[in-house]
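Worksheet: one structure, shown below.
Just so you know, ligand 1 is whichever comes first in the structure, and atom 1 is the first atom listed for that ligand.
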Amino acid sequence: MINIGSYEERVKNFDWSIAEKELDYTQGDVINIGWYCSDRICQQGKGDKLALIWENAMGVEKRYTFDEVRRASNTIGAHLREIGVEAEDRVCLFMDKIPELYLGFVGILKTGAIAQPLFSAFGDESLHVRLDNAKTKVIMTQRKHVGKVRKILEKMPYLEHIIIVDHDGKKPLKERESVFSLNDREWIDDFDIHPTKAESPSVLHYTSGTTGQPKGVKHVHYSLISQYLTTKWVLDLQEDDIYWCTADPGWVTGTSYGIIGPWSLGITQCVLDKGFSAENWYSFIEKNRVSMWYSAPTAIRSLMKAGDEVIKKYDMSCLRHMASVGEPLNSEAVIWAEKVFNMPFYDTYWQTETGSMMICNYPGMKVKPGSMGKPFPGITGTVVDIETFEEINEPGKVGLIAFKPDWPAMMRTYWDNEETYQSKFVKGWYLPGDRSSIDKEGYFWFTGRDDDVINTGGHLVSPFEVESALLEHEAVAESAVVSKPDDVNMEVVKAFITLKPGFEANADLELKIMNFIRKKLSPLAMPQDVEYVEKLPKTRSGKIMRRLLKAQEWGEEIGDTSTLEDD
Ligand code: WT7
């Protein structure tokens, strides 16, 4: 039996109250995601069920039952309250995929504070921009990352506490630092969970746009309603499933579907805190008998590249359903999966802002390889004309993806940036900034983003951020950052630069510039290619035309150049 039953029927009879009823939630009640992910599952008699199976690169394994998640998160919550954390304070999680990240997330939500997960590979400047925007009060981190916090500490008077979760007690602590270890504490059974309501803020995730600093996407506890139901109907999680979401909770997939979705359904999930290789991944699936797997196109393409022989060494018969998110899933990857796993990857489309899945392929519905599928029941999704924003009714015609903004997990604003938030709405539609067409049968076909943001390996990179970092180097006069095609990552970052007089374009300088910006950018945003140019194409008003450079990289037609400056 598949959870969704029939997609068509669900669309006809849809109401979000279906999820509210299953979660015993009535409008106006208290709703706390932390409680739903642990205490409620224990109340249902599943306290002894495994919630988390964790393994790291050294082969160390840890397991937590739902009751342990409940008590460990209580203990973290109580500690946060003790040091003065109050409802709506921002508490940042800056850690690798260690158990404390997952338990801390649940603990923070229980206090009514806002969880702000940040990818642990960020350098100090990327970290600073995001903590500064949120005026974060507490950061929970690991010994190995605390150096980055120390570097920027002076610039952050609002940051009151730096909690180190794995300190060995040997090295001295610096200003504002303290040690908290779950191993040394008696776990707390009863914790007074903050009575958050539907609109109480829950999670703040940062995402990059074309211009300006990264934006803090604010979510609320009511998001649970959509995260729960999409997990149930799209990922089709069932009582005995062993679920593996490969995403890092520094990004939205890792929280919406790597914590909230599975745990609110009381499902056992695995986490692998170890680098990628086909062998690592297949053996993890085999060993833990993973039955439902949610991953991303870049990983899938890397697995494809590793070849079909390696799969034969492992028993993959445990898998019964697989899905993908984050970037275009090419039809080849779907067809390959059908060949080697006897089932397709089910593509899902959504974004940090939408908080939950929007356009998906559903169990039981025909998969058209290369298509993102159809809007989730209850979601009004369409494409609108790029200029007039009128709905397009012609099958196959490309327009902007548009949603009627009324689902529970929709962002409530961008932190301290209401103006940019408002700019996402036009004529009553929420525009996620992507282009697609819709075929005769209502399937969506992604064609690209509507802005200059680069999606490399499923991670959004703002060309502006990379250009700004480059411009800070003494040799760089101007820069333009665009994407170029790549077999595995779909696209990678390429930088064009012009030099200031007195600097010579050579490999040595390139290395120096790269080392300089490495400190400022996330490793994912680093250019894979740098080209020195004499001059960058510009409009008459002096704006750099990234579009031209991008077209050149992709071997596309250059299009309208009438606004190009005269030579
Ligand atoms: C952007 C959102 C949603 C969690 C991970 C990414 C692109 C997302 C797909 C897909 C083609 C996709 C879009 C979107 N994207 N899923 N199935 N096919 N493109 O979250 O970092 O906020 O990125 O990723 O461009 O707007 P995000």
Side-chain angles (χ1 to χ4, degrees), residues 117-119 130 203-210 214-219 223 226-227 230-231 234-235 245-261 294-301 322-331 333-334 344-362 367-376 381 383 398 400-403 407 409-411 414 424 430-437 443-462 465 483 489-491 522 524-525:
L118 291 177
F119 188 43
R130 291 158 178 84
V203 182
L204 192 59
H205 269 299
Y206 278 77
T207 184
S208 295
T210 314
K215 296 162 287 182
V217 177
K218 181 174 131 181
H219 288 292
S223 69
S226 359
Q227 288 152 348
T230 48
T231 304
V234 183
L235 302 182
C245 169
T246 58
D248 186 303
W251 311 102
V252 72
T253 309
T255 56
S256 290
Y257 298 100
I259 304 178
I260 305 172
Y294 193 27
S295 199
T298 290
I300 298 166
R301 286 189 289 268
M322 318 192 296
S324 165
V325 66
E327 19 158 5
L329 180 66
N330 30 337
S331 53
V334 179
F345 275 100
Y346 287 71
D347 193 14
T348 65
Y349 164 91
W350 55 292
Q351 53 175 197
T352 309
E353 286 86 341
T354 68
S356 64
M357 298 169 182
M358 301 302 285
I359 298 171
C360 314
N361 288 281
Y362 308 89
V367 172
K368 296 190 186 181
S371 159
M372 308 194 289
K374 299 187 184 188
F376 189 76
V383 290
V398 173
L400 298 172
I401 298 180
F403 298 113
W407 62 96
M410 174 58 172
M411 68 167 157
Y414 289 124
K424 296 277 174 168
Y430 167 67
L431 304 176
D434 290 308
R435 296 183 183 195
S436 175
S437 65
Y443 284 71
F444 283 64
W445 298 79
F446 183 85
T447 58
R449 288 190 57 99
D450 189 49
D451 55 22
D452 290 335
V453 170
I454 300 164
N455 187 338
T456 176
H459 295 286
L460 302 190
V461 173
S462 154
E465 262 188 279
S483 67
N489 291 295
M490 204 70 173
E491 51 187 35
S522 145
L524 306 164

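The N455 neighbourhood of ligand 1 comprises atoms 7 (C), 24 (O), with distances under 4.0 Å to a heavy atom of that residue. Listed by number with element, the atoms of ligand 1 under 4.0 angstrom from any heavy atom of V252 are 4 (C). Within the listing of ligand 1, atoms 1 (C), 14 (C), 25 (O), 26 (O) sit less than 4.0 angstrom from a heavy atom of R449. Residue contact check: P328 has heavy atoms under 4.0 Å from atoms 11 (C), 18 (N), 19 (N) of ligand 1. Listed by atom number, the atoms of ligand 1 under 4.0 Å from D347 heavy atoms are 17 (N).
Atom 2 (C) of ligand 1 has its closest protein heavy atom at Q351 CB, 3.3 Å. Atom 6 (C) of ligand 1 has its closest protein heavy atom at G326 CA, 4.1 Å. Counting protein heavy atoms only, atom 21 (O) of ligand 1 is closest to L460 CG, 3.5 Å.
The closest side-chain donor-acceptor pair between D434 and Y349 falls under 3.5 angstrom. Side-chain contact annotation: R301 with N330, donor-acceptor N/O pair under 3.5 Å present. One side chain, E327 or T298, offers a donor N or O that lies under 3.5 Å from an acceptor on the other.
The distance criterion of under 3.5 Å between nitrogen or oxygen atoms is met by T348 with respect to ligand 1. At under 3.5 Å, a nitrogen or oxygen of T352, whether backbone or side chain, sits near a nitrogen or oxygen of ligand 1.
Counting heavy atoms under 4.0 Å from ligand 1, residue E327 touches it through the backbone alone. Of all the heavy atoms of W350, the ones lying under 4.0 Å from any atom of ligand 1 are found in both the backbone and the side chain.
The closest approach between a heavy atom of G433 and any atom of ligand 1 is not below 4.0 Å. Heavy atoms of L329 come nearer than 4.0 angstrom to ligand 1 in no pair at all.
When V217, D450, T253 are ranked by how near their heavy atoms come to atom 4 (C) of ligand 1, first place goes to T253. The option from T207, V461, T354, D434 that lies nearest to atom 26 (O) of ligand 1, judged by heavy atoms, is D434.
Side-chain rings of Y257 and W350 approach one another, their centers coming within less than 6.0 Å.
Taking the centre and axis of the six-membered ring of Y430, the NZ or CZ atom of K424 falls outside the cone set by 45° and 6.0 Å.
Smallest separation of non-hydrogen atoms from T207 and L460: OG1-CD1, 3.8 Å. Across all non-hydrogen atoms, the minimal contact from R435 to V398 is CB-CG1, 4.0 Å.
Using the six-membered ring where Trp is involved, H205 and H219 have ring planes that are perpendicular, over 60° apart on the 30 and 60° scheme. Classified by interplanar angle (parallel below 30°, tilted 30° to 60°, perpendicular above 60°), the ring pair Y362/F376 is tilted.
When each of Y443, F345, Y346 is paired with V367, the side-chain contact (heavy atoms from CB on, under 4.5 Å) condition holds for Y346 and for no other.
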